[in-house]
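Okay, structure first, notes after.
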Amino acid sequence: MQAGEGKLTLVVIGVGLIGGSFALALKRAGKVGRVIGVGRSAANLARAVELGVIDEASHSAVDAVRHADIVLVATPVGQMARVFAEIAPQLPAHCVVTDGGSTKSDVVALMREHLSAQLAQCVPAHPIAGSDLSGAAAAQYGLYDNRRIVVTPLPETAPAAAGLVRELWQACGARVYEMSAAEHDAVFATVSHLPHLLAFAYVDMIVGKPDGERCFDFAATGFRDFTRIAGSHPEMWRDIALANRDALLAELDGYRAALDSLRAELASGDAAALTARFERAREARHGWHQKFLRGNA
């Protein structure tokens, strides 16, 4: 079924920022006629119904997917194996299964393991949008406006299934890109996953200092800007780190080498080397920011 042929029944498993905002955007675009939210927290699901994010709430993914046209699994990556295994026997033949996970090679492997009979209907995806907020109350209209979405179809994925997922994300206002799962994971280990690990580690280092509270007392805008992402969901980022472990270990090794080089320059008082490093970084960051602003104008 294509979205233009009628109102789809969307099941969102994990009703938070990503899944909730997807539902809101598609309801506003008239692409879905019924949204069923699945989750563990009765309070969160009740709030989602109250806010109009979902139309119905269920604690059973098995029951919810029986009449689904499309299922978005927006749980932490570590929960997806259980979810895929539970829903597999009840998925309608035409139902498309996608996800919102920040890693893709592991999701592909889990789909192959648990959804082997439905691979033609599987379309892994990663919306490049988010915040440090979570839960149904974090869902918002316009979250995906002009944002990038990466889809990583399997070789077995039917063109119609991939086309439906692409169509729905475009209806959310997003720009859709396609790449392999391996390429996706290498890129995002560099520009997303490593920065989160560094922010978490840095804040945790301060917590462990004898004068940590004193340091926090005097932290200001630089600290705020650098550490904002350390306020992100711990369970989700634990799962992402473990799921993309190999790529992240390589990134951490590269960053450690860069820190060792920086330390040597500082220890030796090499002002020229420090200046050159800072200028390269400043120019690269400035160039990226201008490109980012143009792309999101």
Side-chain angles (χ1 to χ4, degrees), residues 1-58 61 64-65 68-77 95-102 123-151 162-178 188 192 228-229 231-233 236-237 292-297:
M1 175 184 284
Q2 294 299 307
E5 296 175 0
K7 296 295 182 66
L8 305 174
T9 294
L10 166 67
V11 173
V12 176
I13 303 176
V15 186
L17 175 73
I18 297 300
S21 299
F22 184 70
L24 284 175
L26 292 180
K27 291 175 76 170
R28 183 173 63 179
K31 296 294 186 180
V32 296
R34 180 187 181 201
V35 179
I36 305 171
V38 180
R40 297 175 295 183
S41 168
N44 187 62
L45 290 177
R47 183 64 171 151
V49 172
E50 178 185 354
L51 294 172
V53 175
I54 61 175
D55 302 307
E56 302 172 34
S58 175
V65 302
D69 296 305
I70 183 163
V71 174
L72 171 66
V73 180
T75 65
V77 178
C95 182
V96 173
V97 180
T98 188
D99 76 298
S102 296
V123 188
H126 176 200
I128 318 304
S131 77
D132 53 1
L133 303 176
S134 59
Q140 55 188 274
Y141 290 107
L143 178 68
Y144 302 116
D145 286 350
N146 211 28
R147 303 301 291 269
R148 290 178 171 87
I149 307 296
V150 178
V151 295
L164 177 60
V165 172
R166 178 182 290 270
E167 177 187 352
L168 293 178
W169 278 117
Q170 288 171 339
C172 292
R175 292 173 288 155
V176 183
Y177 298 82
E178 184 173 322
F188 285 92
S192 176
R228 179 187 61 80
I229 54 178
S232 300
H233 197 292
M236 179 183 75
W237 280 99
F292 178 82
L293 291 176
R294 290 195 298 271
N296 289 276

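In this text the structure is predicted, and so the values were computed from the model without any measurement. Index from 1, following the sequence.
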Donor-acceptor pair, side chain of Arg175 and main chain of Arg148, under 3.5 angstrom: no
Closest non-hydrogen atom pair, Gly33 against Asp55: O-OD2, 4.1 Å
Minimum heavy-atom distance between Ala57 and Leu45, given as atom pair plus value: CB-CB, 3.8 Å
Approximate separation, where rounding is to 0.5 Å, of Lys31 NZ and Cys172 SG: 10.0 Å
Min side-chain heavy-atom separation Trp237-Ile229 under 4.5 Å: no
Qualifying residues under side-chain hydrogen bond (donor to acceptor under 3.5 Å, both in side chains), relative to Arg34, sequence neighbours excluded: Glu56
Spacing of CD1 belonging to Ile13 relative to CG belonging to Asp99, to within rounding of 0.5 Å: 11.0 Å
CD1 on Ile54 to CZ on Arg47, rounded to 0.5 Å: 12.5 Å
Where Val35 and Ala23 come nearest, the two heavy atoms and their spacing: CG1-CB, 3.9 Å
For the student: nearest non-hydrogen atoms of Leu26 and Leu10, plus distance: CD1-CD2, 4.2 Å
Interatomic spacing from CD in Glu178 to CZ in Arg166 - rounded to 0.5 Å: 6.0 Å
Where at least one partner belongs to residues 10-35, residue pairs that pass ring-ring contact (aromatic ring centres under 6.0 Å, His included), sequence neighbours excluded: Phe22-Trp169
Gap separating the CG atom of Leu164 from the CG atom of Leu8, nearest 0.5 angstrom: 6.0 Å
Atom of Ala171, atom of Ala29 and distance for their closest heavy-atom approach: O-CB, 3.9 Å
Exercise: identify the closest heavy-atom pair between Val15 and Ala48: CG1-CB, 3.8 Å
Non-hydrogen side-chain atoms of Tyr144 and Ser21 separated by less than 4.5 Å: yes
Rounded distance [0.5 Å steps], CD in Gln170 versus CG in Leu168: 9.5 Å
Which residues share a salt bridge (Lys or Arg N to Asp or Glu O under 4.0 Å) with Arg28, sequence neighbours left out: none
